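We name chains A, B, ... by the order of the sequence lines, and we start the count at 1 in each one. The basis for the numbers below is simple: all heavy atoms, side chains too, and nothing from hydrogens, waters or symmetry mates. Owing to the predicted nature of the structure, the values given are computational and were not obtained by experimental measurement.
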Amino acid sequence: MPELPEVETIVNELKPLVEGKSFQSIKIFETRSIDGNPREFTAALKNNKITKLFRRGKYLCFSLINGSHLTIHLRMTGKLLQKPGKKDKKYLRVKLVFDKKFALYFVDIRKFGKLKLWPEKDVLLPALGPEPLDSPTVFKVLISLKTKTTRVVKTILLDQHALAGVGNIYADEALFLGGIHPQTQLCRIEDAAIKRLSQVLPRILKRAIKNKGTTLSDYQTPDSGAGDHQHFLKVYGREGLPCYTCGTEILRTRINGRSSYFCPRCQG
DNA sequence: CCTTAGTCCTGCATGC
DNA sequence: TGCATGCAGGACTAAG
């Protein structure tokens, strides 16, 4: 499941390949993968030139020369590949053709991922909170929410309106590094601990970017490569295994329908 | 307004 | 081995 570091890795890899290029044609195999009218989508992209590719939260954003934007959200199983593998063919949803030699294949098993076109007059991704890549920003967001909500901290970290880009894996990792139990209400966390969390969250995200993201099952970079950060996870997916810090068994609980892994001793 | 539960989708793991 | 069940979850929507 691509979160901020995975999307950042994909953008870094694609940037030199797509900036300055124009869409020659678009082939839609699954209309569900398009947010909006597929015909209008195809027509608007055709012969449109990409001026810039960037990331915002978990979205890939293509700036187009006419002022509009294309966004792609990969959700759980979405991939953007230059050369789909044999197993990918069955799940090919959209093909973006640039020229005879170069196309991008949007492959998505679960059909949750979406491509969306944003007209120039629309504000791009208006509901997203700030990027969680520097600690003063994260601290400001969490402190200001502290008096406004009764929700638990894990839920807040996953809320894209609060901070954009954090998903289940890095939320759990940051809470472990910050020594905070995922089920703690934000309003009950002391400022010093919020400060700690604000420092470790940007740090873990940047470290995961350096490691080209976490590949557990589906995530792949456009050249079909895997990430390395799965080898550095402290708690995510480690239920029943000993904590690297204290040896206590890592537990798993459910918060808002999502698995949350934590060390009951380090995050007591 | 705020918060929670249900929905989408398909492969995979589990149990009998 | 086969079949049924349930689990995984990001973001949206409906309901409380």
Interatomic distance where [atom1] belongs to [X] and [atom2] belongs to [N] [whole Å]:
X	N	atom1	atom2	result
A:L216	C:dG10	CG	C1'	16 Å
A:L158	C:dC12	CG	P	14 Å
A:Q183	B:dT4	CD	P	10 Å
A:D159	C:dG10	CG	C1'	12 Å
A:E239	C:dC7	CD	P	13 Å
A:Y261	C:dC7	OH	P	13 Å
A:D35	C:dT13	CG	C1'	14 Å
A:Y170	C:dG9	OH	C1'	16 Å

| request: Could you check A:M76 against A:H161 and say which one's nearest nucleotide on DNA chain C is further toward the 5' end? | output: A:M76
Using atom types as modelled, flag every donor-acceptor pair under 3.5 Å from a side chain in residues 136-144 of chain A to any protein atom, sequence neighbours excluded.
| unit_1 | atom_1 | unit_2 | atom_2 | d |
| --- | --- | --- | --- | --- |
| A:T137 | OG1 | A:D134 | OD1 | 2.8 |
| A:T137 | OG1 | A:D134 | OD2 | 2.8 |
| A:S144 | OG | A:V141 | O | 3.3 |

Measuring to OP1 and OP2 of [N], would you say a side-chain N or O of [X] lies under 4.0 angstrom away?
X	N	answer
A:T150	B:dC2	no
A:R151	B:dT3	yes
A:K58	C:dA11	yes
A:H73	C:dA11	yes

Reckon [X] touches a base, only the sugar-phosphate, or nothing at all at heavy-atom distances under 4.0 Å?
X	answer
A:K87	nothing
A:S259	sugar-phosphate
A:Y236	sugar-phosphate
A:T149	sugar-phosphate

| query | Does the gap between the ring centers of A:H181 and A:F262 come in under 6.0 Å? | reply | yes
| Is A:I194 linked to A:V152 within one hydrophobic cluster, defined over Ile, Leu, Val, Met, Phe, Trp and Tyr using a side-chain heavy-atom separation of less than 4.5 Å? | no
| task | Look at the side-chain heavy atoms of Ile, Leu, Val, Met, Phe, Trp and Tyr, link any pair under 4.5 Å apart, and say whether A:I10 and A:V107 land in one connected group. | result | no
| request: Please tell me if the side chains of A:Y105 and A:K27 come closer than 4.5 Å, counting only heavy atoms from C-beta onward. | output: no
| query | Heavy-atom distance under 4.5 Å between the side chains of A:Q24 and A:F98, does that happen here? | reply | no
| query | Under the 3.5 angstrom rule, does the side chain of A:S135 hit a backbone N or O of A:Q199 as a donor-acceptor pair? | reply | no
| task | Ignoring hydrogens and angles, tell me if any N or O in the side chain of A:E249 forms a donor-acceptor pair with the backbone of A:L241 under 3.5 Å. | result | no
| query | Does DNA chain C take part in any stems of at least 3 consecutive Watson-Crick or G-U pairs (both distances under 3.5 Å), and if so, which ones? | reply | B:2-16 with C:2-16
| query | Any salt bridge between A:E173 and A:K234, counting N to O under 4.0 Å? | reply | no
| query | With a 4.0 Å cut-off, would you call A:K79 and A:D88 a salt bridge? | reply | yes
| message | So if I take residues 107-131 of chain A and measure heavy-atom distances to DNA chain B, which residues fall below 4.0 Å? | response | A:I109, A:R110, A:K111, A:F112
| said: From the set B:dG11, B:dT4, C:dA11, return the single nucleotide nearest to any side-chain atom of A:Y59. | reply: C:dA11
| Shortest side-chain distance from A:Y91, nucleotide among B:dG11, B:dT3, C:dA11 | B:dG11
